[in-house]
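Structure record follows, encoded as structure tokens.
All of these numbers come straight from a predicted model, not from anything done at the bench. Quick note on labels: first sequence line is chain A, next is B, and so on, each numbered from 1.
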Amino acid sequence: MKIHEYQAKELMAARGIPVPLGRVATTVDEAVAAVRPLIEESGNPVVVVKSQIHAGGRGKGRFKEHPDVGGVNVVTAGIEGGIEAAEEAVRHLAHQMLHSTLVTVQTGPEGKQVNRLYIEQGIDIARELYLSVLLDRAVWRNIVMASTEGGTEIEIVAEETPEKILRVEIDPAFGLLDFQAAELADGLGLEGQAERNGKKFFAALAEAAVELDTDLVEINPLVVTTDGQVMALDGKISFEPNALFRHPDVAELRDHSEEEDAEMAASEHGLSFIKLDGTIGCMVNGAGLAMATMDIIKHFGAEPANFLDVGGGATADKVTEAFKIITADPNVKGIFVNIFGGIMKCDTIAEGVVEAVKEVGLEVPLVVRLEGTNVELGKQIIDRSGLNVVSASDMKDGAQKIVEAVA
Amino acid sequence: MSVLIDKDTRVLVQGLGRTGTFHTDKAIAYGTQMVAAVHPTKKDTTEVFTGETDHSGVPGRDDTYEVELPIFGSVADAVAATGADASVVYVPPPFAADAIMEAADAGIELVVCITEGIPVADMVVVKRYLQDRPTRLVGPNCPGVITPAQCKIGIMPGYIHTPGRIGVVSRSGTLTYEAVHQLTQIGLGQTTAIGIGGDPVNGTNFVDALRLFNDDPETEGVIMIGEIGGTAEEEAAACIAEHMTKPVAGFIAGTTAPPGKRMGHAGAIISGGKGTAEAKIAALREAGVVVAPTPTDMGTAMMEALGG
């Protein structure tokens, strides 16, 4: 689960991790009102206006409605014109940015609507670094990754200059040890005040990652200020979904407006669903089989419209909901139901499909492949329903039939 | 022969909720030696299982039975009283990691964890805990392990399996069933099928399973089923190239999966351009594995690898 930058920074600040002063705004007036206290408290006449969306590349992104405006803007009007000038500049920017559509490398061409701005104090930056805490699946532990190449995507650094990436493994029994923090500080070339602050920063961040059950904490850039402070200039946190049950306060930070409606509806019904761009809707039991079903559709020349795993213990109701979610997508030109019944019985799936078709109708071809527990019962239910359903003998047969049907 | 489990394996079950009870019944019907249950609030009672099963038994075998399973408050007590050497964990996610470590502490040799949804951080601790202990973990988030007609530990439908010559190891439950079903249909059967699970931090990995099958005289070939995310398949490919003396067929799911999205399994995610199906398929082919183009072709890919 992803959260916004301002939320990540609030969580960090609450754990003693230095972040710039900032205020979130959902209206132009709130954005303007943030300027005076920020400038007065920080003593810095510069403020930064940042779009809050769940996608990276905001700085280089541009608004569809205002192609000359970027997703992150440094307001320097206050240096010469004082607070009032800064406020006017922020007002002008907030008008353009709020409720406009920001397109970045990560949003796709359709972009994302900006509903929140984060107004932040200006920082006198001496150096930009990179820092993250994430799971390394090869060693089954969290690692701290750091680099002197702040502001650049870490994937690019890994590709072009892998020797510039430092990594330190965190033993879950001991946490990040002092000598490891010192190793990172040394590797990043931190000295004096910055070295002391850096070590504290690394330790606090590693601890926060464990406490909050994060999937990824990424600070890019981590900045060293001209007076030796070490600070998170940006902050991205995503949480491990399996651990949200023990962090109800974090679960509340979820911004539903950032997520696909269909994916939300699916997760409410305990279905695992991901929307894709193709024309063949899929309903499958089991994550691996669901992926393989998408693959086999592609193999025979068409594109899947979704990933959908109804799970091992699905009921007829759940199957009906799954069917509704698939048919609600106007791109869907055909549906492939692919079930290997284990715990999930084929007759349960068949009942769900019949029920769903009765309820929502069926305007596109439907191919059903059933195998496994109670397969004969399941086939009987489909046959007796009088529905216009094509039966498939195996997965390949089913995929070929649905691809032909939509061609 | 087989790997990990056979007719002499004595199994205890941790967690006797609805799922645990249902599958314990199916395991007994299959002929598994279920010897004890561990459930703190039901301790010192018994649970009676009687033979009214559906299709989980071995074909042709009498499905009537009555088994009275003693319930203990801890794994240590259950082991002391029954000599159990394997455990199957159906404990809910918040408590599952602790259940695994409790079993390891009690000296259980094989822990099979079925539970889906265990926090990754908990599994990181479990891995650390098991580091210097002899216990082998399979899973979590897996269908379990089965040696056909001998012992079934987990949630797989027993009747699709048949004793035979091929080892199966997989990150996906239903794709394991597909492979097993095909092997049964073409008459190769299975020695043992191991579901290693769909989580990013798990116990037994492809490499471990491949080594077990390589050392098992009855196993003539192996089907391995991987998916996007992580590098376990690449490590398997390296192991196959270097050590494996038996033919291997494979399938990798997720060729069409978009990057950055978790495809149902917690571990099935392409991140930072790493963990793609293409890279895994290429690594396996390089190591001489016959990779099936679709899941329907896994059985025939195995035939091809065997040279038939």
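Contact tally against chain B (heavy-atom pairs below 4.5 Å) for A/A292, A/G341, A/A209, A/S272: the top residue is A/A292. Ranking A/L308, A/D309, A/I274 against chain B, the residue ahead of the rest is A/I274, based on heavy-atom pairs under 4.5 Å. Chosen from B/G264, B/P258, B/G198, the residue pairing most often with chain A at heavy-atom distances under 4.5 Å is B/G264. Between chain A and the residues B/G254, B/G173, B/G275, the largest count of heavy-atom pairs under 4.5 Å involves B/G254. Looking only at heavy-atom pairs under 4.5 Å with chain A, the residue among B/M123, B/H23, B/R128 that has the most is B/R128. Counting heavy-atom pairs under 4.5 Å between each of A/E159, A/H299, A/M291, A/R141 and chain B puts A/M291 at the top. For chain A, the option among B/N202, B/V124, B/T19, B/T176 with the highest count of heavy-atom pairs below 4.5 Å is B/V124. The greatest number of non-hydrogen atom pairs below 4.5 Å with chain A, out of B/P93, B/P200, B/S172, is found for B/P200. When B/V120, B/I252, B/N205, B/I225 are compared by the number of non-hydrogen pairs under 4.5 Å with chain A, B/V120 comes out ahead.
Under the 4.0 Å criterion applied to side-chain N and carboxylate O atoms, A/R137 and B/D199 are not assigned as salt-bridge partners. Ionic pairing of A/E263 and B/K261 is present here: one or more N-O contacts between side-chain nitrogen and carboxylate oxygen are shorter than 4.0 angstrom.
By the 30° and 60° cut-offs, the orientation of the rings of A/F340 relative to B/Y177 is tilted.
Note that CH2 of A/W140 is 9.5 Å distant from CD of B/Q131, once rounded to the nearest 0.5 Å. Atom CG in A/D394 sits 8.5 Å away from atom CD in B/E178 (nearest 0.5 Å). The distance from atom CE of A/M395 to atom CG of B/D297, rounded to the nearest 0.5 Å, is 10.0 Å.
Heavy atoms closer than 4.5 Å to chain A are found nowhere in B/P143, neither backbone nor side chain. Contact annotation for A/L216: neither backbone nor side-chain heavy atoms come within less than 4.5 Å of a heavy atom of chain B. Residue B/R262 touches chain A through both its backbone and its side chain, counting heavy-atom pairs closer than 4.5 Å. There is no contact between A/A290 and chain B, counting heavy-atom distances below 4.5 Å. Only the side chain of A/D215 comes within contact range of chain B, with heavy atoms under 4.5 Å apart. For chain A, no part of B/Y129 is nearby; none of its heavy atoms comes within less than 4.5 Å. With a 4.5 angstrom heavy-atom cutoff, A/D171 touches chain B only via side-chain atoms.
Between the side chains of B/T256 and A/D295, a donor-acceptor pair is found at a separation under 3.5 Å.
The number of heavy-atom neighbours closer than 6.0 Å to NZ of A/K298, taken from other residues, nucleotides and ligands shown, is 12 or below. The environment of B/F95 atom CZ is sparse: at most 12 non-hydrogen atoms of other residues, nucleotides or ligands sit within 6.0 angstrom. In A/E207, the CD atom is not crowded: 12 or fewer heavy atoms of neighbouring residues, nucleotides or ligands sit closer than 6.0 Å. Residue A/D249 qualifies as enclosed at atom CG: its count of foreign heavy atoms under 6.0 Å is above 12. The environment of NZ in A/K401 is crowded: more than 12 heavy-atom neighbours from other residues, nucleotides or ligands sit within 6.0 Å. Around the NZ atom of A/K379, the shell of radius 6.0 Å holds more than 12 heavy atoms that belong to other residues, nucleotides or ligands.
For B/Y159 against A/G372, the heavy-atom pair with the smallest separation is OH-C, 2.7 Å. When all heavy atoms of A/P172 and B/V125 are compared, the pair lying nearest together is CB-CG2, 4.3 Å. Closest approach of A/I296 to B/P295, counting heavy atoms only: CD1-CD, 4.2 Å.
Side-chain atoms of A/R246 and B/P94, non-hydrogen and from C-beta on, never get closer than 4.5 Å to each other.
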Quiz item: Going through the checks in order, is the side chain to side chain contact (heavy atoms under 4.5 Å, CB included) test met by A/M294 and B/M263?
Solution: CA-CA 11 Å; A/M294 291 160 39; B/M263 306 303 283; 3.7 Å; yes
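At distances below 3.5 Å, at least one donor-acceptor pair connects side-chain atoms of B/T174 with backbone N or O atoms of A/N285.
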